[in-house]
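This report concerns only the one structure given below.
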Protein chains: 2
Amino acid sequence: MEEGTRSEPGHSDVTACLSPEPENPCPVRSILDRVGDKWGAQIISHLASGTTRFNELKRQIEGISQRMLTETLRKLERDGLLTRTVYPSIPPKVEYSLTPLGETLVPIIRELVGWAKANSAVIKASREQYDAEQTTN
Amino acid sequence: MEEGTRSEPGHSDVTACLSPEPENPCPVRSILDRVGDKWGAQIISHLASGTTRFNELKRQIEGISQRMLTETLRKLERDGLLTRTVYPSIPPKVEYSLTPLGETLVPIIRELVGWAKANSAVIKASREQYDAEQTTN
DNA sequence: CCGAATCCCATGTGATACTG
DNA sequence: CAGTATCACATGGGATTCGG
């Protein structure tokens, strides 16, 4: 509990900040939610290639509903990860782009996705073996 | 749509693999789910410090229900990220520990959490400002 | 074109009680 | 001690409709 003589950096800190306690001032949990939810990481990845319009995103992501796209974009905007620019023209035009903060998240997402891709075969095999064992019993 | 003349490496790959399509052979989405769900990352972080018993984890994580702990541990075991060892003694004793594969995920989770912690103040401020603007209107 | 509102179902999560 | 089973509830997320 005490800060103590720990030489490894940022370990108990990490687990503490993962706590979902409401009084936790550290929005770590909500960041993980953003990355882990169904569309957050995907939207950030797409915006990494540059400013994009609403319907452009909708077409690119293919499978996302209008509602979830709007909703997820709002959350990301609220967190300051992207900016929303409205051009009051007719027809209306709204552009989204990553903020500098948002861009710093891109390499981390890529790393996570890279890890998952690199190990996908192993994981897939592990799952199949696990499922097979369950069925056998 | 066509692969085209893209020169930036590993970009469309990433976004493609984030797709939730069922026929997607790449379990990237499910990995993000594991990290992003309420308890996965937290359990992995705790196990990073060594083999731990069931009720030990339950006490350490504090707030997790028995059900969610069991359930999340099973998912992680199925993915080959941790091992479950049962000692058929009385009272029963079950120990969990990360596999080598699971341990390779630890630094990435730490990095993600580190990012969130490093930027938590900025994000918090951004949210407050966003909320204030909404209320003002 | 962009998005809000509504309806509705599936899933996630907690509480509690029960079992080997 | 380490689960499983069941219920009850909140949230996530898709489909559809309406509005500026």
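None of these values were measured; they are calculated from a predicted model. Quick note on labels: first sequence line is chain A, next is B, and so on, each numbered from 1.
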Between atom [atom1] in [X] and atom [atom2] in [N], what is the gap in whole Å?
X: Asp37(B); N: dG14(C); atom1: CG; atom2: C1'; answer: 15 Å
X: Leu57(B); N: dA2(D); atom1: CG; atom2: P; answer: 9 Å
X: Arg84(B); N: dC1(D); atom1: CZ; atom2: C1'; answer: 12 Å
X: Arg74(A); N: dG12(D); atom1: CZ; atom2: C1'; answer: 18 Å
X: Lys58(B); N: dG14(C); atom1: NZ; atom2: P; answer: 11 Å
X: Asp33(B); N: dT11(D); atom1: CG; atom2: C1'; answer: 15 Å
X: Ile43(A); N: dG13(D); atom1: CD1; atom2: P; answer: 11 Å
X: Ile61(A); N: dG13(D); atom1: CD1; atom2: P; answer: 13 Å

All salt bridge (charged side-chain N to carboxylate O under 4.0 Å, His left out) counterparts of Glu128(A), not counting sequence neighbours: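 Partners of Glu128(A) under the salt bridge (charged side-chain N to carboxylate O under 4.0 Å, His left out) test: Lys124(A).
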Return the set of residues passing salt bridge (charged side-chain N to carboxylate O under 4.0 Å, His left out) with Glu71(A) (not counting sequence neighbours), or none when no residue passes.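 Glu71(A) satisfies salt bridge (charged side-chain N to carboxylate O under 4.0 Å, His left out) with Arg67(A) once adjacent residues are dropped.
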Salt bridge check: are Lys75(B) and Asp79(B) linked by an N-O gap of less than 4.0 Å?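 No, Lys75(B) and Asp79(B) are not salt-bridged.
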Between dG3(D), dC1(D), dA4(C), spot the one nearest the side chain of Asn55(B), thanks.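 Nucleotide nearest to Asn55(B)'s side chain: dC1(D).
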For [X], give me all partners under side-chain contact (heavy atoms from CB on, under 4.5 Å), at least two apart in sequence or on another chain.
X: Val94(A); result: Arg84(A), Val86(A), Tyr96(A)
X: Thr52(A); result: Leu47(A), Glu56(A), Leu57(A), Gln60(A)
X: Glu95(A); result: Thr51(A), Arg53(A), Tyr87(A), Lys93(A)
X: Asn55(A); result: Lys58(A), Arg59(A)

Closest-nucleotide mapping onto DNA chain D: is Met68(A) or Glu95(B) further toward the 5' terminus? I mean the 5' end.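 Checking each residue's closest nucleotide, the 5'-ward one belongs to Glu95(B).
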Considering residues at least two apart in sequence or located in another chain, which fulfil the side-chain hydrogen bond (donor to acceptor under 3.5 Å, both in side chains) criterion with [X]?
X: Ser97(A); result: Thr83(A)
X: Thr104(A); result: Trp115(B)
X: Gln129(B); result: Glu133(B)

Within the structure shown, what part of the strands sits under 4.0 Å from Tyr87(A) by heavy-atom distance: base, sugar-phosphate, or nothing?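 No contact.
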Test your reading of the model: is there a side-chain donor-acceptor pair from Ser126(A) to the backbone of Val122(A), 3.5 Å cut-off?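 Checked: no pair found.
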Tell me, which of residues 75-83 of chain A have any heavy atom that sits under 4.0 Å from an atom in DNA chain C?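 Listed by number, there are none.
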Exactly one of Leu105(A), Val106(A), Ile31(A) should register a side-chain contact (heavy atoms from CB on, under 4.5 Å) with Leu81(A). Which one does?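 For Leu81(A), the side-chain contact (heavy atoms from CB on, under 4.5 Å) check succeeds only for Leu105(A).
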Does [X] make a side-chain N or O approach to OP1 or OP2 of [N] shorter than 4.0 Å?
X: Lys38(B); N: dG14(C); answer: yes
X: Arg53(A); N: dC1(C); answer: no
X: Tyr96(B); N: dC1(D); answer: no

Base contacts versus sugar-phosphate-only contacts with protein, heavy atoms under 4.0 Å: please encode nucleotides 15-20 of chain C as B, S and - from 5' to 3'. B----B
Would you mind reading off the bend of the helix from dC1(C)-dG20(D) to dG20(C)-dC1(D) from its two end axes, five pairs each, to 10 degrees?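 The two end axes of the helix from dC1(C)-dG20(D) to dG20(C)-dC1(D) meet at 40°.
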